[in-house]
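Sequence lines set the chain letters: A, B, ... in the order given, protein chains first and strands last, and positions in each chain run from 1.
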There are 2 protein chains.
Amino acid sequence: MPKHIDHEQRREQIAEALWRVVEQEGVAQVSVRRVAQEAGLAVGSLRHVFPTRADLLEFSTELMLRRATERIRQVTPHEDIEEYACEVLEHLVPLTPASRIEFAVNLALYAEAPSVSQIGVLRDRAQHALQEGCRLLARRLGVPDVRVELEARRLHALVDGLALHLSGSVDAAEAEWAREILAAEVHRLHAAAAE
Amino acid sequence: MPKHIDHEQRREQIAEALWRVVEQEGVAQVSVRRVAQEAGLAVGSLRHVFPTRADLLEFSTELMLRRATERIRQVTPHEDIEEYACEVLEHLVPLTPASRIEFAVNLALYAEAPSVSQIGVLRDRAQHALQEGCRLLARRLGVPDVRVELEARRLHALVDGLALHLSGSVDAAEAEWAREILAAEVHRLHAAAAE
DNA sequence: AAGATATTAGCACGACTGTGCTAATACGTA
DNA sequence: TACGTATTAGCACAGTCGTGCTAATATCTT
């Protein structure tokens with residue numbers, strides 16, 4: 001029997017190389033050769049794991065969404081519901097370098113959605129999941145049922161808008177504003193519910 | 001003297017062809033040749049007006065921002081400040097096919113920012129202008145000075161988040177939700193100011 | 001009508017793309 | 001040690017890319 005390497009691990013290593021290229025040079029520079037080089041692999045080796053460019057893009061997108069989901073899931077439920085909500089929401093917005101790259105990759109790969117249809121499917125699924133998460137959060141904050149849908153959609157838009165703004169700059173002041181806005185929104189939802 | 005065509009008009013014609021390509025096939029398909037074909041021109045003719053690809057992308061981005069700015073500027077100030085605010089904000093969100101394409105192009109071209117640095121400059125300028133507009137709107141709605149910055153940033157994020165969500169689908173129901181969310185936010189800002 | 005020239009058309013080059021394919025390599029088993 | 005094969009490396013092809021460049025075209029002035 002020959003050498004046997006962990007395919008999944010290899011895939012993730014390559015996907016992370018792709019992320020670096022997207023972040024540093026833009027999605028336009030993402031080619032099979034460039035990603036292989038960034039990963040320190042020969043093109044042939046990369047293609048042994050990702051036969052086509054579409055496979056590569058699809059997995060890279062999926063892994064990014066999976067990582068983000070996992071990061072959110074690991075936020076331990078606080079007793080203070082407002083604090084917990086803020087903590088969750090702050091993971092959805094690129095406040096740290098890691099999540100900033102994540103969102104930039106997310107956005108950039110969406111630009112490829114028209115040519116790689118599977119990415120569009122992943123995007124829609126992620127958007128749906130995020131909206132469901134916002135609904136859950138709104139309910140937990142005590143928003144009355146009749147207002148949950150509106151407030152959830154609003155919260156979702158707010159989060160993605162902040163993410164969009166932060167994805168451009170790494171300014172610490174901008175990050176602080178984002179935190180403040182999220183806290184204000186969470187407080188508004190909770191306070192209105194207490195009436 | 002030879003034939004003399006309107007350069008500006010020609011430029012706009014080409015930029016609009018680029019937009020169509022971005023919308024229908026994604027930014028990855030934008031090449032000098034493809035855009036020339038879409039515009040019904042020879043590559044040489046296109047390059048007579050846009051010497052390089054970067055020039056083409058830069059102008060297309062700039063024109064899009066200019067058109068959007070002009071559209072907003074033409075909203076006549078209502079007497080009802082809430083109605084006026086809503087009307088302005090609804091122009092910032094891709095509710096109509098035209099503005100939907102506009103935002104899609106906007107988003108897609110941002111993906112090229114790392115390779116065409118001038119696009120990054122335009123993006124930052126547009127973002128800054130939009131934020132200033134939000135500040136102005138917040139003030140006109142009567143938001144107290146100490147809260148203007150926070151509320152303006154929140155409004156800006158909300159608008160861009162809604163835009164991001166709407167850019168994917170053309171669902172009429174989604175558009176209605178966006179209108180409702182914007183109206184609610186405008187009302188909240190105005191109502192809180194009345195206290 | 002004739003000349004001048006802005007405009008258009010398009011060839012050509014080198015670099016890059018994705019992918020089919022074969023040869024070399026390295027490693028676990030027998 | 002030697003075999004077999006998973007893995008790696010990389011060549012090759014057809015296509016597209018941006019762009020430098022020249023030749024043809026079309027139109028306005030004289």
inquiry  = Rounding to an integer number of Å, can you tell me how far A:Leu18 CG sits from C:dG18 P?
reply    = 11 Å

note = The residue among A:Glu102, A:Glu62, A:Glu12 that forms side-chain hydrogen bond (donor to acceptor under 3.5 Å, both in side chains) with A:Arg67 is A:Glu12

query = Under 4.0 Å: is that the gap between some side-chain N or O of A:His48 and OP1 or OP2 of D:dT7?
reply = yes

request  = Measure the distance from CD on A:Gln37 to P on D:dT8 and round it to the nearest whole Å.
outcome  = 18 Å

query = Out of C:dT19, C:dA9, D:dG18, which nucleotide sits closest to the side chain of A:Val32?
reply = C:dT19

message = Distance check needed: C:dT7 P versus B:Gln9 CD, whole Å only.
response = 13 Å

query = Judged by modelled atom types alone, do A:His187 and A:Glu82 share a side-chain donor-acceptor pair under 3.5 Å?
reply = yes

request  = Mind calculating the distance between CD (A:Glu58) and C1' (C:dG18) to the nearest angstrom?
outcome  = 17 Å

query = Of B:Arg10 and A:Arg33, whose closest DNA chain C nucleotide lies nearer the 5' terminus?
reply = B:Arg10

message = Main chain of B:Asp145, side chain of B:Arg139: is a donor-acceptor contact present, judged purely on distance under 3.5 Å?
response = no

request  = Take the protein atom CD of B:Gln29 and the nucleotide atom P of D:dT16, then report the distance between them rounded to whole Å.
outcome  = 11 Å

query = Are OP1 or OP2 of C:dA9 and a side-chain N or O of B:Ser45 less than 4.0 angstrom apart?
reply = yes

message = Can you tell me whether the side chain of A:Arg47 and the base of C:dG20 have a donor-acceptor pair closer than 3.5 Å?
response = yes

ask   = Hey, any chance A:Leu155 and A:Val143 share a hydrophobic cluster, counting ILVMFWY side chains that come within less than 4.5 Å of each other, even indirectly?
value = yes

message = In whole Å, I'd like the distance from the CG atom of B:Leu41 to the P atom of D:dT25.
response = 18 Å

query = Would you find a donor on one side and an acceptor on the other, under 3.5 Å apart, between the side chain of B:Thr61 and the backbone of B:Leu57?
reply = yes

inquiry  = What is the separation between atom CG on A:Asp6 and atom C1' on C:dC27, rounded to the nearest whole Å?
reply    = 17 Å

request  = Look at the side-chain N and O atoms of B:Ser31 and state whether any lies under 4.0 Å from the OP1 or OP2 oxygen of D:dC17.
outcome  = yes

ask   = C:dT7 phosphate, OP1 or OP2: any side-chain N/O from B:His7 under 4.0 angstrom?
value = yes

inquiry  = In this structure, how many angstroms lie between the C1' atom of D:dG18 and the CG atom of B:Asp55, rounded?
reply    = 12 Å

